[in-house]
Amino acid sequence: MGKRVAVVLAGCGVLDGSEIHEASAALVHLSRGGAEVKMFAPNIEQRDVVNHLKGSPAEEKRNVLVESARLARGKIQDLAELKAGEFDAVIFPGGFGVAKNLCSWAVDGKNCTVNEHVHSTLQAFHSAKKPIGLCCISPVLAAKVFPGCEVTVGQDKNVDGRFPDAETASAIAELGCKHVCKNVNESHVDKSNKIVTTCAFMCKAPLHEIFDGIGTMVQEVLKLA
């Protein structure tokens, strides 16, 4: 019987929601792994809305759950309804929506707050010793909620200009967590906490390498589940 995995989204679009390619890659690898997937998102207003054509703010309001439904093809539930007991694992794709809507990292950095339902979801899976998969910027959620855990967001230096957000690794270390340097096609497994992370678009890399890295994260999550 396939593993039951919850996927938590943060909107639709890299600049103000979930990164679409990351979400899709996670879903493809979960499907290939025979997992039964259900998707969730918090029923809250987005912190902001970005015109992805221009890369500039748009003067409108959007709802995270409604926007996430675009990625989920309409099959999605309010995160408040997620019960960890009904699943074997949970996965969070990345995108700026994680740092804007699921927490306030985009504004407050390591001093951010985490959305109450995101926080309780992470705590519930962790307490039940069920694996948590995180990619791109979403490992900061674990760093904030689980002091002392191990995660990766790629490299801690901007190697060859491929890791422009390398300072995130330092912020993670300042939270009392261990940052482990990994390449884009790799993931890191914190076995004691059952947290699996990969850097995805935190690295400037070809899409297929990002896809493969997310695949290693999904595979490790399913092994731990």
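The analysis underlying the following values was restricted to heavy atoms, covering all of them including side chains, and did not include hydrogens, waters or symmetry mates. Starting from 1, each residue takes its place in the sequence as its number.
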Are [Y] and [X] connected into the same hydrophobic cluster when the rule is that any two of I, L, V, M, F, W, Y join if their side-chain heavy atoms are below 4.5 Å apart?
X	Y	value
Phe201	Val14	no
Val145	Leu175	yes
Met217	Leu122	no
Leu102	Met39	no
Phe92	Trp105	yes

Looking at [X] and [Y], what are the two nearest heavy atoms and their distance?
X	Y	result
Ala166	Asn158	CB-N, 3.8 Å
Val153	Ile172	CG1-CD1, 3.9 Å
Leu79	Pro42	CB-N, 3.7 Å
Gly154	Phe163	CA-CE2, 3.8 Å
Thr198	Ile214	CG2-CA, 4.1 Å
Gly33	Leu222	CA-CD1, 4.0 Å

Got a donor-acceptor contact below 3.5 angstrom from the [X] side chain to the [Y] backbone?
X	Y	answer
Glu22	Pro93	no
Ser120	Glu116	yes
Lys100	Gly95	no
Asn115	Cys103	no
Thr197	Cys135	no
Asp212	Asn185	no
Asp78	Ala80	yes
Asn101	Ala10	yes
Glu45	Val64	no
Lys130	Ala84	yes

| remark: side-chain contact (heavy atoms from CB on, under 4.5 Å) with Glu150: of His188, Lys191, His179, only one passes, and it is His188
| task | Would you please test Arg162 and Val184 for side chain to side chain contact (heavy atoms under 4.5 Å, CB included) and show each step? | result | CA-CA 10 Å; Arg162 297 172 74 228; Val184 66; 4.2 Å; yes
| task | Assign the ring pair Phe40 / Phe87 to parallel, tilted or perpendicular, where the plane angle (0 to 90°) is split at 30° and 60°. | result | perpendicular
| query | Would a 4.5 Å heavy-atom cut-off, applied to side chains only, mark Phe125 and Leu82 as touching? | reply | yes
| request: For residues His21 and Ile210, determine if any side-chain heavy atom of one lies less than 4.5 Å from a side-chain heavy atom of the other. | output: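 A side-chain contact is absent here, since even the closest heavy-atom pair is not under 4.5 Å.
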What is the distance from atom [atom1] of [X] to atom [atom2] of [Y], rounded to the nearest 0.5 Å?
X	Y	atom1	atom2	value
Asp190	Cys149	CG	SG	6.0 Å
Leu224	Asp88	CG	CG	11.5 Å
His126	Gln123	NE2	CD	7.5 Å
Asp165	Ile137	CG	CD1	7.0 Å
Arg32	Leu27	CZ	CG	12.5 Å
Lys144	Lys110	NZ	NZ	8.5 Å

| said: His117 vs Ile44, test: side chain to side chain contact (heavy atoms under 4.5 Å, CB included). Steps then yes/no. | reply: CA-CA 11 Å; His117 296 302; Ile44 57 174; over 6 Å; no
| said: side chain to side chain contact (heavy atoms under 4.5 Å, CB included), that's the test. Do Cys12 and Ile20 meet it? Break it down for me. | reply: CA-CA 7 Å; Cys12 182; Ile20 293 171; 3.9 Å; yes
| query | Crowded around Arg47 CZ? As in, over 12 foreign heavy atoms under 6.0 Å? | reply | yes
| said: Using a 6.0 Å cut-off, check whether atom CZ of Arg4 has over 12 heavy atoms from anything other than its own residue. | reply: yes
| request: Give the C-alpha distance, both sets of side-chain angles, the deciding distance and a yes or no for side chain to side chain contact (heavy atoms under 4.5 Å, CB included) between Glu19 and Val98. | output: CA-CA 9 Å; Glu19 210 296 319; Val98 171; over 6 Å; no
